[in-house]
Amino acid sequence: MILPQAFYERDTVSVAKKLLGCYLVHIENGKTAIGRIVETEAYVLNDPACHAFRGKTKRNSVLFGSAGHAYVYLIYGMYYCFNAVTGPEGTGQAVLVRALEPVDGIDLMRERRGSDELKLLCNGPGKLTQALAIDISFNGLPLFGGTIQIWSLESLPGFEIIGADNIVQTTRVGISQAKDKLLRFYLKDNVYISRK
DNA sequence: GTACTGATTTTCT
DNA sequence: GAAAATCAGTACC
């Protein structure tokens, strides 16, 4: 099923954990690329590392919109990061998707990434946007019915339910503010995460 | 194996 | 002018 908008309206940390094991799907001109989310980070209220912390700007305006939309921005002048807006509208919170396990459209991902190595296709925020061809034009698009969607397959037989025992909680990557907050989550023992 | 560097643009000080 | 939610390549141990 496609995760409904209400899924994203809950608190950001819960959404970050619940997104683990879900599937990020990009369908474009009949070409499909799907990855299983294995690593996320929460950017929350009163969080100096969150782009919304210093108020609304042109770049982060989507963060202050309603939950369940994509927040995409350019980082270090060359890579895009993909987030899902969370929480009550206007609070400026989001979950950053940091790594995917390639599931479908793998040859397409290899082509876009210029690499054959499965483990290197989506194991980082800049890499997964490249593999799924996500760029700034996706900023603000809904995740519940557009060209980019997030699916949960938990209710189907044969798909693993992710519990607390399978989630590792640790500190976020690449930030200098609020370094000590434990707001990064990844699937235990998964080889497709960006780093230990 | 780890460590450092260049690429490149938006944003804020 | 500096820093930023990064990555790939190179140098060196």
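Each chain gets a letter, A, B and so on, in the order its sequence line appears, and its residues count up from 1. When reading the values below, keep in mind they use all heavy atoms of this one structure, side chains included, and skip hydrogens, waters and symmetry mates.
A straight line from OH of A:Tyr43 to C1' of C:dA4 spans 11 Å, rounded to a whole angstrom. The CD atom of A:Glu117 sits 16 Å away from the P atom of C:dC7 (whole-angstrom rounding). A straight line from CZ of A:Arg113 to C1' of C:dG9 spans 14 Å, rounded to a whole angstrom. One atom, CG of A:Leu96, and another, P of C:dA4, lie 16 Å apart when rounded to the nearest Å. In this structure, A:Leu120 places its CG atom 10 Å from P of C:dG9, rounding to the nearest Å. Between A:Ile193 atom CD1 and C:dC7 atom P the separation is 13 Å, expressed in whole Å. A:His51 places its NE2 atom 7 Å from the C1' atom of C:dA4, with the value rounded to the nearest Å. For the pair A:Asn123 CG and C:dT6 C1', the interatomic distance rounds to 12 Å; values are reported in whole Å.
Ring centers of A:Tyr43 and A:His51: at least 6.0 Å apart, outside the cut-off. Between A:Phe138 and A:His26, the ring center distance clears the sub-6.0 Å criterion. Here the two rings, on A:Phe82 and A:Tyr80, have centers that are 6.0 Å apart or farther.
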Does the protein touch nucleotides 7-13 of chain B at the base, only the backbone, or not at all? Give it as B, S and - per nucleotide, heavy atoms under 4.0 Å. BBB-SS-

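Listed for the A:Asp104 side chain is no donor-acceptor partner under 3.5 Å among the backbone atoms of A:Ala33.
Each of A:Lys181, A:Arg172, A:Arg54 was compared with A:Asp47 under the salt bridge (charged side-chain N to carboxylate O under 4.0 Å, His left out) criterion, and only A:Arg172 meets it. Shown are A:Phe144, A:Tyr8, A:Phe64; of these, the ring pair (Phe, Tyr, Trp, His ring centres under 6.0 Å) with A:His69 is made only by A:Phe144.
Residue contacts for A:Arg184: at a heavy-atom cut-off of 4.0 Å it reaches no nucleic acid atom on any strand shown.
Two residues, A:Gly124 and A:Gln177, neighbour DNA chain C, and the one matched to the more 5' nucleotide by heavy-atom proximity is A:Gln177.
Under 4.0 Å is where a charged nitrogen must lie from a carboxylate oxygen, and between A:Glu111 and A:Lys31 no such pair does.
For C:dA8, one of the phosphate oxygens OP1 or OP2 lies less than 4.0 angstrom from a side-chain nitrogen or oxygen of A:Lys127.
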Reading DNA chain B 5' to 3', how would its secondary structure be written in dot-bracket notation, given Watson-Crick and G-U pairs with both distances under 3.5 Å, brackets [ ] for crossing pairs and | for partners on other strands? |||||||.||||.

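Shortest non-hydrogen contact noted between A:Leu187 and A:Ile193 is O-CG2, 4.4 Å. What you find for A:Thr91 and A:Leu45 is that their closest heavy atoms are O-CD1, 3.2 Å.
Taking atom C1' on both B:dT10 and C:dA8, the two are 22 Å apart, rounded to the nearest angstrom.
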